[in-house]
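Here the structure is laid out as C-alpha cells; the discussion comes afterwards.
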2 protein chains.
Amino acid sequence: MQMIQGKWKIMIMFKLNEPGQHRFGELERHIQDVSHKTLTNQLRQLEDDGLIARHDFQTAEPHVEYELTDNGKSIMPVLDAICDWGDTHVDPKLIDRSLCDE
Amino acid sequence: MQMIQGKWKIMIMFKLNEPGQHRFGELERHIQDVSHKTLTNQLRQLEDDGLIARHDFQTAEPHVEYELTDNGKSIMPVLDAICDWGDTHVDPKLIDRSLCDE
DNA sequence: CAGTATCCTATGGGATACTG
DNA sequence: CAGTATCCCATAGGATACTG
C-alpha cells in the first residue's frame with residue numbers, strides 16, 4: 001500500500017503504461033492539478049520503490065524520460081482492479097472525474 | 001484509493017472477512033499496534049464509506065459488532081490482489097510481517 | 001466495553017521562486 | 001526543461017486521560 005498510496009501515483013502509473021516515451025513536462029501537462037514539487041516527489045518515490053525507471057539524457061537541454069519497470073508493469077493489473085472496483089461500486093457523484101482521462 | 005488507504009484498514013477488512021462476530025475489543029487485541037483512537041477513526045471511515053456495518057447492541061454492557069457490507073465484501077478480491085502482489089514482488093526484508101496474521 | 005477529547009508530531013502536498 | 005529550496009497548511013496517527 002505504501003508504494004501505491006500518493007495522490008497522483010496511480011495516474012502516473014497509468015500514463016507511463018501507455019505506449020511511447022514519457023517526459024517530465026508531458027506528465028506535468030497531462031496531470032493538470034499536480035504541483036511541480038509533488039510530481040517530482042512522487043516520481044522519486046516510485047523510482048525508489050522500483051516501480052518506474054528514470055533515464056536522464058545528459059544533454060544541454062535537460063531531457064528526462066520515465067518508464068515502468070517490470071515490477072511496475074506487474075502491478076498494473078492490481079491498479080486496474082482498483083479502478084474497476086471504483087467504477088462499479090462507488091457513487092459517481094463522489095468521484096472527481098476531472099482527475100481522470102475520460 | 002481514499003476508501004482503502006489508512007494504516008490499518010486492510011487489516012480490519014481482512015479480520016472482518018473472517019467468519020464469526022467481530023467486536024471492537026477483539027479487533028483492538030488482534031491488531032496489536034493500533035491505537036484506540038485510530039481504530040475508532042478507521043472503523044468510522046470504513047462505515048461512512050459503506051464498506052462495513054456497525055451494530056450497537058444497546059445493552060448496559062456496551063457491545064458493538066462490526067461486519068462487512070456487501071460493498072465491503074465486493075472489494076475483498078481487490079485487497080487480496082494487493083496483498084498477493086506484495087507477497088510476490090516486494091522484498092520480504094522490507095515487509096513488517098508483525099503487522100500480519102502469520 | 002466502546003467511545004470521546006485533548007495534545008502532540010510527522011508527513012503529504014500546494015504555492016512560489018530560484019538554478020543549470 | 002527538469003529539478004531544488006523554502007514556506008505553509010491540512011491531515012493522519014500516536015499517547016493519554018476521561019465518560020457512560
Side-chain angles (χ1 to χ4, degrees), chain A residues 1-16 20-49 51-68 82 94 96 98-100, chain B residues 1-16 20-49 51-68 82 94 96 98-100:
Chain A
M1 282 298 293
Q2 271 142 347
M3 294 168 65
I4 58 172
Q5 69 189 286
K7 193 163 172 183
W8 312 97
K9 281 188 186 174
I10 288 196
M11 258 179 295
I12 294 170
M13 294 291 287
F14 274 108
K15 190 62 190 171
L16 293 187
Q21 266 78 44
H22 300 286
R23 302 186 53 172
F24 183 90
E26 177 216 354
L27 292 171
E28 195 170 19
R29 254 171 290 111
H30 186 78
I31 309 177
Q32 304 272 18
D33 294 346
V34 70
S35 73
H36 193 85
K37 174 196 136 189
T38 304
L39 181 56
T40 58
N41 270 350
Q42 309 226 339
L43 285 169
R44 201 67 69 246
Q45 288 171 27
L46 290 169
E47 191 193 354
D48 289 342
D49 285 334
L51 294 181
I52 67 173
R54 178 176 181 275
H55 300 290
D56 191 342
F57 300 71
Q58 306 273 8
T59 51
E61 264 300 271
H63 182 155
V64 178
E65 290 182 1
Y66 294 89
E67 63 173 2
L68 296 184
I82 294 174
L94 300 179
D96 184 357
S98 70
L99 298 180
C100 300
Chain B
M1 282 299 292
Q2 271 142 347
M3 294 168 63
I4 58 172
Q5 68 188 280
K7 193 164 173 183
W8 312 97
K9 281 188 188 174
I10 287 196
M11 258 178 296
I12 294 170
M13 295 289 286
F14 273 108
K15 189 62 189 172
L16 293 187
Q21 267 77 44
H22 301 286
R23 302 186 53 172
F24 182 90
E26 177 216 355
L27 293 170
E28 195 170 20
R29 254 172 289 112
H30 187 77
I31 309 176
Q32 304 273 18
D33 294 345
V34 70
S35 74
H36 192 86
K37 174 195 138 190
T38 304
L39 181 56
T40 57
N41 270 351
Q42 308 227 339
L43 285 169
R44 200 67 70 245
Q45 288 171 27
L46 289 169
E47 192 193 352
D48 289 343
D49 285 335
L51 294 181
I52 67 174
R54 178 177 180 274
H55 300 290
D56 191 342
F57 298 71
Q58 305 274 7
T59 53
E61 263 301 271
H63 181 155
V64 178
E65 290 182 2
Y66 294 89
E67 62 173 1
L68 297 184
I82 294 174
L94 299 179
D96 184 357
S98 70
L99 297 181
C100 301

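Sequence lines set the chain letters: A, B, ... in the order given, protein chains first and strands last, and positions in each chain run from 1.
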Measure from CZ on R29(A) to C1' on dC1(D) and round the result to the nearest Å.
-> 10 Å
In whole angstrom, what separates Q32(A)'s CD from dG14(C)'s C1'?
->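 Value for this atom pair: 16 Å.
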Within a reach of under 6.0 Å around CD of Q2(B), are more than 12 heavy atoms found that belong to other residues, nucleotides or ligands?
->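 No, the 6.0 Å shell around CD holds no more than 12 heavy atoms from other groups.
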Tell me, which of residues 36-45 of chain B have any heavy atom that sits under 4.0 Å from an atom in DNA chain C?
-> H36(B), K37(B), T40(B), R44(B)
Comparing S35(A) and V64(B) on DNA chain C - which has the more 5′ nearest nucleotide =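 Between the two, 5'-proximity favours V64(B).
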What nucleotide, of dA2(D), dG14(D), dG14(C), holds the atom closest to the side chain of R54(A)?
-> dA2(D)
Measure from the side chain of V34(B), starting at C-beta and using heavy atoms only, and say which of dA15(C), dG14(D), dC1(C) lies closest.
->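 Shortest atom-to-atom distance from the side chain points to dG14(D).
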Among all residues two or more places apart in sequence or in another chain, which pass the ring pair (Phe, Tyr, Trp, His ring centres under 6.0 Å) test with Y66(A)?
->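 None.
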Sole residue of D48(A), L46(A), N41(A) in side-chain contact (heavy atoms from CB on, under 4.5 Å) with R44(A) |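 Filter result, single survivor: D48(A).
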Classify the nucleic acid contact of F57(A) as base, sugar-phosphate or nothing, counting any heavy atom under 4.0 Å across all strands shown.
-> nothing
For DNA chain C, what is the dot-bracket line, given that a base pair needs Watson-Crick (N1 to N3, plus N6-O4 or O6-N4) or G-U wobble (N1-O2 and O6-N3) geometry with both distances under 3.5 Å, and | means paired with another strand?
-> ||||||||||||||||||||
Let me know, please, whether H63(A) or G6(B) comes out on the 5' side of the other along DNA chain D by nearest nucleotide.
->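 The residue mapped nearer the 5' terminus is H63(A).
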From the list H63(A), H36(A), H30(A), ring-ring contact (aromatic ring centres under 6.0 Å, His included) partner of F24(A) resolves to H36(A)
Phosphate-side-chain proximity, R23(A) and dC1(D), N/O vs OP1/OP2 below 4.0 Å | no
